[in-house]
Number of protein chains: 2
Amino acid sequence: MTPVAIRKMERRKTFNEYIAKKRLKSTKQRDIIFDEFFSNYMGKHVTVEELYEDIKKRHPFIGFATVYRTLKLFMECGIASERNFGDGKARYEPVRSEREHHHHMICNQCGKIYEFANNQVESCLNQIAKLNEFQLTTHKLEIYGLCSDCKAAKTA
Amino acid sequence: MTPVAIRKMERRKTFNEYIAKKRLKSTKQRDIIFDEFFSNYMGKHVTVEELYEDIKKRHPFIGFATVYRTLKLFMECGIASERNFGDGKARYEPVRSEREHHHHMICNQCGKIYEFANNQVESCLNQIAKLNEFQLTTHKLEIYGLCSDCKAAKTA
DNA sequence: TATTAAATGGAAATTATTACCATAACGAAA
DNA sequence: TTTCGTTATGGTAATAATTTCCATTTAATA
Ligand SMILES: [Mn+2]
Ligand SMILES: [Mn+2]
Ligand SMILES: [Zn+2]
Ligand SMILES: [Zn+2]
């Protein structure tokens, strides 16, 4: 089994447990959305509309509101992260593992998104919080600018 | 003259120069909004609506769209910064000085906003950008959690 | 002062997201 | 399996922030 498939199974387990604990229901729609999101969007940052349009191709009966609701559900149980890159629409990405916390560099020119992780930054932030007696729960960090491709294209 | 007044004059100069350069017009409304923003919102993070409501008290003829347009103008010439703290509405703060670059900690409980600056984080980000051949233009960094007051209130 | 370009205010349009509601589907119990 | 209370769904309407439109006003400058 591929690493992606293993991760998908782990997320499925978390999701099922959350549904059981909260006495929610397991539905066809949730299964479809789960499958699409965790099969095709690992490492991506997808818009609700993009995901909806993609799913609709194979499952035309799925409603827009359900996709919104299901992504929110994924958030609640910690298997998806919401991202906001300043274009006014929320993006979602499957959580890969608790240890794979990361941030993003966004190219203002082409819109491509690059990921990065940095332990030094993380420990800085923890220190800053501690110093201010602030109990950190989450943080957001994005770098905006020009990616190397667009930089090259500009000088060419 | 107080430091706040000096800063206000410096921003005014930048604004006037920008208006001259771009052949824009100096209007009563822009003066009013400038004055309100740089007199009463230094160190604050004000919503368009808040600023509009505040101005309307003394200048009932000012239009909503004009406040939006003028804040955008302040952004363009670099005398205001836009902030987004995840509540769906943009906030603006007067730029204090080019050297006073800073970030924010937002309390999820009481909504208070705390500012911080950290050279180590800044140089980390520059290094990360350089390593990825990314030409950094801006970055956003926010810490969310519980402020010390709210933490204390919770255990009490 | 006359001319031209830009700005204004109010309202309408736009856009992402949420709420509503009548109907359908789920799941535990009988 | 049938029943029954609860939850989910899909379509649409509502909401909320921001932008656009446009007829009118105003500023700049010759
Ligand atoms: Mn990512
Ligand atoms: Mn600030
Ligand atoms: Zn690029
Ligand atoms: Zn607080």
Side-chain angles (χ1 to χ4, degrees), chain A residues 15-37 45-77 80-92 111, chain B residues 15-37 45-77 80-92 111:
Chain A
F15 187 51
N16 287 344
E17 282 167 6
Y18 185 78
I19 280 188
K21 192 180 64 186
K22 290 265 182 165
R23 302 266 148 68
L24 305 178
K25 286 174 181 171
S26 166
T27 70
K28 221 183 320 166
Q29 287 87 339
R30 286 176 177 166
D31 285 353
I32 288 166
I33 295 167
F34 181 96
D35 200 62
E36 188 79 12
F37 187 60
H45 308 85
V46 72
T47 276
V48 183
E49 174 140 43
E50 286 166 356
L51 184 60
Y52 169 66
E53 289 299 336
D54 194 13
I55 291 175
K56 219 174 45 172
K57 285 182 215 153
R58 259 161 286 175
H59 306 277
F61 60 87
I62 286 236
F64 205 38
T66 302
V67 178
Y68 263 99
R69 283 184 290 235
T70 305
L71 282 172
K72 184 167 283 177
L73 206 55
F74 291 171
M75 291 288 302
E76 278 170 38
C77 67
S81 314
E82 185 182 315
R83 310 291 188 181
N84 286 89
F85 297 145
D87 60 355
K89 42 192 99 171
R91 287 159 191 282
Y92 297 86
Chain B
F15 187 49
N16 288 345
E17 283 167 6
Y18 186 78
I19 279 186
K21 191 181 64 186
K22 290 266 182 162
R23 301 263 149 70
L24 305 179
K25 288 174 181 172
S26 165
T27 69
K28 219 183 323 165
Q29 287 87 340
R30 286 176 177 168
D31 285 355
I32 288 165
I33 295 167
F34 180 96
D35 200 64
E36 187 79 13
F37 186 59
H45 309 84
V46 72
T47 276
V48 183
E49 173 139 44
E50 286 167 357
L51 184 60
Y52 169 67
E53 290 298 337
D54 194 14
I55 290 175
K56 219 174 46 173
K57 285 182 212 152
R58 261 161 285 176
H59 307 277
F61 59 88
I62 286 235
F64 205 38
T66 302
V67 178
Y68 264 99
R69 284 184 288 234
T70 305
L71 281 172
K72 185 167 282 179
L73 207 54
F74 291 172
M75 291 287 302
E76 278 171 39
C77 68
S81 314
E82 185 181 316
R83 310 291 187 181
N84 286 90
F85 298 147
D87 61 355
K89 43 192 100 170
R91 287 158 191 282
Y92 296 87

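Lettering of chains follows the sequences in order, A, B, ..., and the numbering in each one begins at 1. Worth saying up front: this structure is predicted, and the values here are computed from it rather than measured.
To the nearest angstrom, C1' of C/dA7 lies 15 Å from OH of B/Y18. Regarding B/F34, its CZ atom lies at a distance of 17 Å from the P atom of C/dA7, rounded to whole Å. We find that CZ of A/F74 is positioned 13 Å from P of D/dA8, with the value rounded to whole Å. If you take CG of B/N84 and P of D/dT18, they are 8 Å apart, rounded to a whole angstrom. The interatomic distance linking A/I19 (CD1) with C/dA28 (P) rounds to 12 Å, in whole Å. For B/L51 and D/dA17, the CG to P distance is 15 Å, given to the nearest whole Å. The distance between atom OH of A/Y52 and atom P of D/dT12, rounded to the nearest whole Å, is 10 Å. For the pair A/I33 CD1 and D/dA8 P, the computed distance is 13 Å after rounding to whole Å.
A donor-acceptor contact shorter than 3.5 Å links the side chain of A/R30 to the backbone of A/K25.
A 4.5 Å side-chain heavy-atom check between B/S26 and B/N16 finds every atom pair outside the cut-off. At a threshold of 4.5 Å between non-hydrogen side-chain atoms, the residues B/E36 and B/R58 count as touching. Put simply, the side chain of A/R69 does not reach to within 4.5 Å of the side chain of A/K72, judged on heavy atoms.
Here the closest heavy-atom approach between residue A/E82 and residue A/A90 is recorded as OE2-CB, 3.9 Å.
Atom CD1 of B/I55 and atom CD1 of B/I33 lie 5.0 Å apart (nearest 0.5 Å). B/F34 contributes atom CZ, which lies 12.5 Å from atom OG1 of B/T27 (distance to the nearest 0.5 angstrom).
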Name the pairs: protein N/O against N/O of nucleotides 21-26 of chain C, kept only if under 3.5 Å.
| unit_1 | atom_1 | unit_2 | atom_2 | d |
| --- | --- | --- | --- | --- |
| C/dC26 | O2 | A/K25 | NZ | 2.7 |

All N/O contacts under 3.5 Å from nucleotides 13-15 of chain C to the protein, with atom names and distances to one decimal?
none

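Ring orientation note: the planes of B/F15 and B/F74 are nearly perpendicular, at an angle over 60° on the 30°/60° scale.
Nearest-nucleotide positions on DNA chain D place B/G88 closer to the 5' end than the other of B/G88 and B/L24.
The residue A/F61 sits close only to the backbone: its heavy atoms come under 4.0 Å of sugar-phosphate atoms, none of a base. No contact: B/K22 has no heavy atom under 4.0 Å from any strand.
Of the listed nucleotides (D/dG10, C/dT18, D/dT18), D/dT18 has the atom at the smallest distance from the side chain of B/Y68.
A salt bridge does not link A/K22 with A/E76: none of the charged nitrogens is closer than 4.0 Å to a carboxylate oxygen.
OP1 or OP2 of D/dA8 lies within a sub-4.0 Å distance of a side-chain N or O belonging to A/R30.
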